[in-house]
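Structure first, then comments.
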There are 2 protein chains.
Amino acid sequence: MAHQVTIKDIAKHLNISVATVSRALRDMPDIKPETRQAVLDLAKEWDYQPNVLATSLVKSRTKTLGVIVPDLGYHFFSSVIKGIEAEALYRGYTLLLTQTGESYERELVNLQTLSRGQVEGFIISLSQETSNYDHINRLIRKGIPIVFFDRDAVGIDVSKVMVDNVGAAYEAVIHLYQNGCREIAFLAGPKSVTVSNQRIEGYRKALQDLNIPFKDELIVHGEYNLDKAIALTHGLMNLTDRPDGLVVVSDRLAVGSMMALRSKGISVPDEVSVVSFNDEPICSFLTPTLSSVAQPTTEIGRIATSLLINQIEDGQEFYKPQVRVLKTHLVIRESSRRK
Amino acid sequence: MAHQVTIKDIAKHLNISVATVSRALRDMPDIKPETRQAVLDLAKEWDYQPNVLATSLVKSRTKTLGVIVPDLGYHFFSSVIKGIEAEALYRGYTLLLTQTGESYERELVNLQTLSRGQVEGFIISLSQETSNYDHINRLIRKGIPIVFFDRDAVGIDVSKVMVDNVGAAYEAVIHLYQNGCREIAFLAGPKSVTVSNQRIEGYRKALQDLNIPFKDELIVHGEYNLDKAIALTHGLMNLTDRPDGLVVVSDRLAVGSMMALRSKGISVPDEVSVVSFNDEPICSFLTPTLSSVAQPTTEIGRIATSLLINQIEDGQEFYKPQVRVLKTHLVIRESSRRK
DNA sequence: GTGAAAGCGCTAACAC
DNA sequence: GTGTTAGCGCTTTCAC
């Protein structure tokens, strides 16, 4: 057998029609038990595999979802994907996984590639670089279901699974306060990043509720890279009123902050307490271990997938985009635990 | 336009045949420039996307590769995948990425799913649980090209991209010796894991060349989990001749070892120097930072992909499986740098 | 219960 | 240069 076995091969061998083989294979009614058995036996013997391409083509259904994330190397994304996989498997869907490397260009290419009839819907976390949403709007116009998670785009009317970043930052600040911090700084991401801005909002809200006057110089913005985080932390520590609490927008940047603090001989948590976001595995390996706000990654993946599949199966006309906002929880470790 | 635009729609609108449209779209010769232009313009205007399913079906070529790895959460794998993606993109192939979660069951399911005509070849890193290779052999018998990387299966005749684990461990031991270590222990993985065993071999070879007598009790085997690593390290440190050097089979286990050493008040690197494998990002975040043997991950991915595509395009009959063994390099950090 | 035939969207002879 | 036709592997009427 040089090529893959087809229903035609089976039909010919059994002297029946391909239609009958197809029916037998799919367990349809009105098939004589013996016929069915014969087909099933031969299929097994020849290791028959249905050609999904052909099925998809005739049914105009691929039962495949496209997933586009910035970087699988981030624990957050690989973790969300586990949730996506679980739900997709459960509902009988296959995944086409791609990463953009935070490049708008590659996001475009990936979207394009997957749109050529391979995918029934998309789960997308936008790249950092993406600020033009034509490619997304084009899909929406074509009626292709999309769900966003983590990275948002305001004004785009698709289903979204987000976390309560405002509440998360709020909780982090309150926690620092309860540990005795009174001069709390915030190391944020670029000013254009929604997630970062939402966390700033939570920070401000908490200060307000705590009756701590807000100071502009306590919020600093950086790119997502270590050196910048180190520099910014040094800057903060050189302020006349030195902060005694630090909220950092991500674990990776917090690594930089901790390095900076150590190099200055500032003890964590006693002189400066630190809390960050994402609860990546590294948090447990740092010295001191790092307090961090954990996101319900698997849940995010499951819900995004579930929303998407519902939308696919219910049909677009009857579907209104839904937005889900999930709760985070703070994992307290040494970096914010004062004696 | 409710459905996706097809060449038929374009043909009808332009009053030409689908064949002409197909030719124009693919830039074939013998097409009148005006005709071509008209087709191209309309295609653009209607945002025509070729249906790859149909093309694949008729050409019996999907230009898609299946990638099966244990866990995208491991930095090693997500890093190799970047290499795979780069090469696949370059050669015009798409990827179908799946993970097994180290489960044989899921490896089977993934392989099965991808085999239904979607994929022209596989890049596989076997799950930890896999000890039966029927599923692999079935593919080989069907003539589907396969390339293994990292996780090996002795006796399976497919192309493989591996690293020189023997040499890597050898280098690690020599390095420890040059730093003054004379009693060097090895914390290995389960006895069934090839990679671990190869590293043990390198360890023994180095001891031999260094004229250090080999002692059985200096090699301990554990599962891949933190608690076991901690316990085993404690065991080693309680030996009458306490080791002053420790080679650990993976960074993750090394984390456990470092914890154990710290809890016993043993200083690293001065009392015990530590070297491990994989050079995951955590190595730089530990205190002290961890020396580790780095694998050329991107290279592994690129080469595996290149071997696979060559095999696909050259045709099976003329192809002999190739084995590539890549060099590693030791990244020396604080955990093995004595003053 | 089963077969014949049309068709999913596209490509590739083979005509003309 | 372009059209006609068959066919990739499968599902689905519609007959009988």
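Taking the six-membered ring where tryptophan is involved, the planes of B/F76 and B/F149 are tilted, since the angle between them lies from 30° to 60°. Note: B/Y104 and B/H135 have perpendicular aromatic rings, judged against thresholds of 30 and 60 degrees for the angle between ring planes.
Residue B/K59 has no polar side-chain atom (N or O) positioned under 4.0 Å from OP1 or OP2 of D/dG7. Regarding contacts with the backbone of D/dT2, every side-chain N or O of B/T20 stays at 4.0 angstrom or more from both OP1 and OP2. For the OP1/OP2 pair of C/dC8 and a distance below 4.0 Å, the side-chain nitrogens and oxygens of B/K8 include at least one atom meeting the criterion. For B/Y48, a side-chain nitrogen or oxygen approaches OP1 or OP2 of C/dC10 to under 4.0 Å.
The CD1-P distance, from B/I10 to C/dG9, rounds to 13 Å in whole Å. B/Q4 has its CD atom 9 Å from the P atom of C/dC10, to the nearest Å. We find that CZ of A/R36 is positioned 9 Å from P of C/dT2, with the value rounded to whole Å. In this structure, A/I31 atom CD1 and D/dT12 atom P are separated by 14 Å, rounded to whole Å. One interatomic measurement links the two molecules: CG of A/D9 to C1' of D/dC8, which rounds to 13 Å at whole-angstrom precision. Atom-to-atom, CG of A/D27 to C1' of D/dT11 comes out at 16 Å; the value is rounded to the nearest Å. D/dG1 atom P lies 15 Å from atom CD1 of B/I16, rounded to whole Å. Distance A/Q118 CD to C/dG9 C1': 14 Å, rounded to the nearest Å.
With respect to B/E102 and B/R151, a salt bridge is recorded, a charged nitrogen being found less than 4.0 Å from a carboxylate O.
Minimum atom distance to the side chain of A/S22 is reached by D/dT12, of the listed D/dT12, C/dT11, C/dG9. Checking C/dC8, C/dA12, C/dA4 against the side-chain heavy atoms of A/S17 singles out C/dA4 as nearest. When distances run from any side-chain atom of A/I7 to the nucleotides D/dC10, C/dT11, C/dT2, the shortest one goes to D/dC10. Of the listed nucleotides (C/dC14, D/dT13, D/dT11), C/dC14 has the atom at the smallest distance from the side chain of B/R23. Nearest nucleotide to the A/T6 side chain, out of C/dG3, C/dC10, D/dG9: D/dG9. You'll find that the side chain of B/D30 is closest to D/dT2, out of D/dC8, D/dT2, C/dG1. Proximity note for B/N51 (side chain, C-beta onward) versus C/dG3, C/dG9, D/dG1: the nearest is C/dG9. Residue B/A54 places its side chain closer to C/dC10 than to any other of C/dC10, C/dC8, C/dT2.
Nucleic acid contact for A/S60: none, since no nucleic acid atom lies under 4.0 Å from a heavy atom of the residue. Across all strands, B/T35 comes closer than 4.0 Å only to sugar-phosphate atoms, never to a base (heavy-atom distances). At a threshold of 4.0 angstrom between heavy atoms, the contacts of B/R26 are confined to the sugar-phosphate backbone, with no base atom among them. Here B/L53 lies out of heavy-atom contact (under 4.0 Å) with every strand.
Comparing B/V58 and A/V58 by the nucleotide of DNA chain D whose heavy atom lies nearest to each, the residue mapping closer to the 5' end is B/V58. Heavy-atom distances to DNA chain C give each of B/L57 and B/A19 a nearest nucleotide, and the one nearer the 5′ end belongs to B/L57.
A cation-pi geometry, defined here as NZ or CZ lying under 6.0 Å from the six-membered ring centre and within 45° of its normal, does not hold between A/K160 and A/F148.
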Start with the C-alpha gap between B/Q118 and B/T62, add the side-chain angles, then the distance that decides, and say whether side chain to side chain contact (heavy atoms under 4.5 Å, CB included) holds.
CA-CA 6 Å; B/Q118 307 184 66; B/T62 59; 5.6 Å; no
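Checking B/R26 against B/S22 by side-chain atom types alone, a donor-acceptor pair falls below 3.5 Å.
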